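This report concerns only the one structure given below.
Remember, predicted model here, so these are calculated numbers, not experimental data. One is the number of the first residue; the rest follow in order along the sequence.
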Amino acid sequence: MYRLLLIFLFLTISCNFLTPEINFISSSDLNELEEAEYILIDVRTTDEYQSGFIQNAINIDYYSEMFNSDILSFEKDSKIILYCRTNNRSAKSANLLLDNGYRDINVIEGGITSWVKSGNDIEYSIKD
């Protein structure tokens with residue numbers, strides 16, 4: 001019995017190390033990264049994005065008909081950082097990426113709301 005328990009614990013721990021997870025990062029964690037190290041994706045609507053976004057973020061509207069194909073178009077070994085307003089859409093997007101074989105998926109904890117509350121700057125789209 002003791003041997004079975006040890007085997008079960010070993011398998012459980014091993015599987016946890018092999019299964020990729022979503023990493024929740026803070027605004028300060030993002031500020032410490034070099035821009036070339038990651039792809040930053042804003043999954044809010046186009047209107048939300050135009051009202052202010054994190055510098056160098058790519059907008060892929062979570063509600064767009066092309067969302068799945070657009071978000072799954074990146075290399076699977078890319079470091080991807082996602083955000084939305086709070087975390088709802090970005091966490092769902094992160095799970096979609098994980099389910100499709102992406103391994104280095106990060107979500108900004110608290111989304112752009114937290115980003116702004118932490119005193120970080122946002123960019124604005126220039127309308128034609």
Side-chain angles (χ1 to χ4, degrees):
M1 183 69 170
Y2 180 71
R3 182 177 267 169
L4 286 175
L5 179 61
L6 285 176
I7 291 170
F8 174 76
L9 287 173
F10 174 76
L11 290 174
T12 302
I13 292 169
S14 297
C15 288
N16 286 338
F17 284 117
L18 297 175
T19 305
E21 295 180 347
I22 300 170
N23 301 309
F24 287 90
I25 64 171
S26 68
S27 298
S28 59
D29 292 337
L30 178 61
N31 283 327
E32 292 176 11
L33 295 173
E34 294 292 324
E35 182 185 326
E37 295 178 18
Y38 60 86
I39 299 167
L40 181 61
I41 303 173
D42 182 328
V43 296
R44 297 176 301 150
T45 65
T46 303
D47 287 343
E48 287 175 302
Y49 179 80
Q50 290 176 347
S51 72
F53 55 91
I54 300 172
Q55 183 178 12
N56 299 315
I58 300 165
N59 182 226
I60 302 177
D61 183 345
Y62 182 81
Y63 297 113
S64 164
E65 291 180 13
M66 300 298 295
F67 178 76
N68 284 6
S69 62
D70 288 347
I71 200 138
L72 298 175
S73 67
F74 299 98
E75 296 292 324
K76 291 194 181 208
D77 61 349
S78 300
K79 179 181 190 92
I80 297 176
I81 301 176
L82 302 157
Y83 73 92
C84 60
R85 186 174 57 83
T86 55
N87 269 21
N88 185 26
R89 291 170 281 181
S90 54
K92 290 176 183 176
S93 301
N95 282 316
L96 172 68
L97 290 166
L98 287 176
D99 290 346
N100 282 278
Y102 291 79
R103 316 265 311 140
D104 195 354
I105 307 303
N106 305 271
V107 172
I108 298 175
E109 184 71 44
I112 198 163
T113 302
S114 176
W115 176 263
V116 171
K117 281 183 181 177
S118 297
N120 295 291
D121 292 331
I122 56 175
E123 303 281 317
Y124 297 94
S125 290
I126 299 172
K127 293 186 179 183
D128 296 330

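A distance-only check finds a donor-acceptor pair linking the side chain of Tyr49 to the backbone of Ala57 [under 3.5 Å].
Exactly one residue among Asp42, Ile105, Leu40 makes a side-chain contact (heavy atoms from CB on, under 4.5 Å) with Leu82. That residue is Ile105.
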query = Are Ile41 and Ile80 close enough, and set up right, to give a side chain to side chain contact (heavy atoms under 4.5 Å, CB included), and what steps lead you there?
reply = CA-CA 7 Å; Ile41 303 173; Ile80 297 176; 3.7 Å; yes

ask   = Checking side chain to side chain contact (heavy atoms under 4.5 Å, CB included) for the pair Ile81/Glu37: CA distance, chi angles, key distance, verdict?
value = CA-CA 10 Å; Ile81 301 176; Glu37 295 178 18; over 6 Å; no

inquiry  = Apply side chain to side chain contact (heavy atoms under 4.5 Å, CB included) to residues Lys92 and Leu96 and explain how you reach the verdict.
reply    = CA-CA 6 Å; Lys92 290 176 183 176; Leu96 172 68; over 6 Å; no

message = Set out, in order, the CA-CA distance, both residues' side-chain angles and the distance that settles side chain to side chain contact (heavy atoms under 4.5 Å, CB included) for Ser114 and Tyr83, then state yes or no.
response = CA-CA 10 Å; Ser114 176; Tyr83 73 92; over 6 Å; no

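Minimum interatomic distance between Ile122 and Gly52 (heavy atoms only, all atoms of both residues): CD1-CA, 3.8 Å. Among all heavy-atom pairs drawn from Asn87 and Gly110, the shortest one is OD1-N, 2.9 Å. Heavy atoms only, all atoms of each residue included: Leu97 and Ile71 are closest at CD2-O, 3.5 Å. Of all heavy-atom pairs between Ser90 and Val107, the closest is OG-CG1, 3.4 Å. Considering all non-hydrogen atoms of both residues, Arg85 and Thr113 come closest at O-OG1, 2.8 Å. Annotation for Leu98 and Glu21: closest pair CD1-C, 3.9 Å, computed over non-hydrogen atoms.
Here CD of Glu32 is found 10.0 Å from CD1 of Ile25. Values are rounded to the nearest 0.5 Å. Remark: Ser93 OG to Asn88 CG distance equals 9.0 Å, nearest 0.5 Å. Here the OG1-CD1 distance, from Thr86 to Ile108, works out to 12.5 Å after rounding to the nearest 0.5 Å.
When the salt bridge (charged side-chain N to carboxylate O under 4.0 Å, His left out) test is applied to Glu109, no partner is found at least two apart in sequence or on another chain. Tyr102 is linked by a ring pair (Phe, Tyr, Trp, His ring centres under 6.0 Å) to nothing, counting only residues two or more places apart in sequence or in another chain. Qualifying side-chain contact (heavy atoms from CB on, under 4.5 Å) partners for Ser51, counting only residues two or more places apart in sequence or in other chains: Arg44. In this view, Ile58 and Ile39, Ile60, Phe74 satisfy the side-chain contact (heavy atoms from CB on, under 4.5 Å) rule, not counting sequence neighbours.
Residue Asp121 qualifies as open at atom CG: its count of foreign heavy atoms under 6.0 Å is 12 or below.
Sorted by first and then second residue, the side-chain hydrogen bond (donor to acceptor under 3.5 Å, both in side chains) pairs involving residues 54-68 (not counting sequence neighbours) are Glu35-Asn56. Among pairs with a residue in residues 68-81, those fulfilling salt bridge (charged side-chain N to carboxylate O under 4.0 Å, His left out) read Lys79-Asp104, at least two apart in sequence or across chains.
A donor-acceptor pair shorter than 3.5 Å can be found between the side chains of Asp29 and Ser26.
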